[in-house]
Amino acid sequence: MSINRRTFIKNTSLVLGYSLLPYANFYANSNQKQLGVCLVGLGNYSSTVLAPALQITKHCKLTGIVTGSPWKIPRWQKRYNIPDQNVYSYNTMHQIANNPDIDVIYIVVPTGLHAKYAIRAANAGKHVWCEKPMAKTETECQSIIDACNKNKVKLSIGYRMQHELNTRTIIGWAASKPYGNIKTLRAEIGYNVTNPARTWRLDSELGGGTMYDLGVYALNASRYTTGEEPISVSAKQMTTRPKLFTETDETTHFTLTFPSGTVAYGKTSVGKSMHELYVDCENGWYTLAPFSMYAGVQGKASDGTLLNIPVRSQQALQMDDDSLSILNNTPVMVPGIEGMKDIRIVEAIYEAAKLGKEIKL
Ligand code: NAD
C-alpha cells in the first residue's frame with residue numbers, strides 16, 4: 001500500500017506524540033521509587049493478567065494481596081515473593097493503613113462489591129485503582145469518589161483502552177477531526193460464550209450483566225471517540241437462552257445521540273463474537289478492529305493511515321500511567337467521574353430497554 005505524505009506525517013507524529021510520552025516521563029523521574037500495589041480479589045483477571053503485568057511495570061510493583069480464599073495464599077506468596085505481613089483478608093484489609101509497603105489498593109472483585117472495598121481502601125488512606133465497570137449504580141460511584149476525596153487519595157478506573165496507544169490516537173482525533181465531523185459510529189463487542197459458567201456475571205446483585213461487563217467498552221468508546229456526552233439513549237435487549245439469562249442480559253443494542261448530531265450504535269453480547277469500532281465521518285472513515293481486546297488493537301483510515309503501534313501490555317501501561325500521576329501528583333488519565341458517567345448511561349440503557357422508549361439524559 002502506498003503511503004502518502006499526509007499519512008506519513010500523521011503516523012510519525014502519532015508515534016512520537018504518544019509512544020514516547022510515558023518513557024519521556026520515566027527518564028525525567030527515573031530516581032523515583034516504585035509504588036507498592038495490593039490486589040484485592042485474586043480471581044481470573046488478577047491472576048492471569050494484572051499480577052504478570054505488575055512484573056514488567058516500571059513505576060509500580062506487586063507488594064500485597066487481599067483474598068477470602070486462604071488456599072491461594074501460599075502459591076501467590078511463593079510466586080511473587082509476598083511477605084506474610086502483606087497478606088490480608090477482606091476483614092483485615094483496613095489494617096493496610098499501617099503498611100508502608102502498600103501505596104495503592106487495586107479493587108478486582110465482582111462489580112457489585114467495588115464500592116464496598118474501594119471505600120474501605122480509601123479509608124485506609126491508600127490510593128485506589130478500581131476495575132471497570134466502576135460500580136453498579138451512579139450512587140455507588142459517587143460514594144467511591146466522595147471517599148477518595150475525603151481521604152485525599154487518587155482514584156483511577158481500570159479502563160485500559162484509554163491508555164492503549166492506537167486508541168489514544170483516535171481519542172486525539174475527537175478534537176482534531178482529521179476526517180471532518182463524525183456522522184455515525186458503530187461500537188460492537190461480544191464473545192460467543194457457548195457455556196457460560198454460573199458465576200457472579202449472571203447475578204444481577206453482584207453486578208452481572210453483559211452491558212456492565214462488556215457493553216461499557218462500546219459505551220466508553222462512543223464517548224471517547226466523539227469527545228461528547230450523549231443527550232438521549234434508546235435500547236433493546238434480547239436473549240436466545242432465557243433459562244440461563246434469568247437475571248441479566250445476554251445481548252443489548254443501544255443507540256446514543258450526541259449534541260453535535262452524531263449517532264452511535266452500540267452492541268454487546270455474550271452470544272455473538274464481534275470486536276469492531278467503525279467511525280464514519282464527513283470526509284472519510286476510520287476503524288479499530290479489534291478495539292478492545294488485551295492485545296492486537298489495530299486499525300486504519302480511509303486515506304491509508306495505519307493505526308498499528310505495538311503495545312506490549314495495556315495493563316502495564318495503564319498501571320505505569322496511573323503510578324506516574326501519583327508520583328508526580330498530576331491528574332489521573334481516567335478519574336472516577338469518567339467511570340460514573342458510563343454507569344449513569346448504563347442505568348439509562350437498562351431503563352430504556354425495559355420501558356421500550358427513548359430516555360433523555
Ligand atoms: P473472577 O470471578 O475471576 O474473580 C473475582 C474474585 O473476587 C475472585 O477471586 C473471588 O473469590 C472474589 N470475590 C470476593 N467476594 C466475592 C463474592 N461475594 N462473590 C464472588 N467472588 C468474590 O472475576 P474477574 O474476571 O477477575 O473480574 C473481577 C473484576 O475485574 C470485575 O470487576 C471485572 O469487570 C474486572 N475485569 C476487568 C477486565 C479488564 O480488561 N479491565 C477484565 C476482566 C475482568
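In each ligand, atom 1 is the first atom listed, and ligand 1 is the first ligand listed.
Using the six-membered ring where Trp is involved, Y90 and Y117 have ring planes that are tilted, between 30° and 60° apart. Below 30°, between 30° and 60°, or above 60°: for Y294 and Y45 the angle between ring planes is between 30° and 60°, a tilted geometry.
Separating the OG1 atom in T257 from the CG atom in L361 is a distance of 8.0 Å, to the nearest 0.5 Å. Distance check: Q318 CD to M161 CE gives 10.5 Å after rounding to the nearest 0.5 Å.
If you check the side chains of N151 and N123, you find a donor sitting under 3.5 Å from an acceptor.
Near ligand 1, heavy-atom contacts under 4.0 Å come from L42, G43, N44, Y45, K72, Y90, V108, V109, P110, T111, L113, H114, E131, K132, P133, G158, R160, W200, R201, L206, D213, Y217, Y294.
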Please tabulate, for the side chains in residues 72-83, all donor-acceptor contacts under 3.5 angstrom to protein atoms that are two or more places apart in sequence or on a different chain.
unit_1, atom_1, unit_2, atom_2, d
K72, NZ, L42, O, 3.3
Q77, NE2, I82, O, 2.8
Q77, NE2, D84, OD1, 2.8

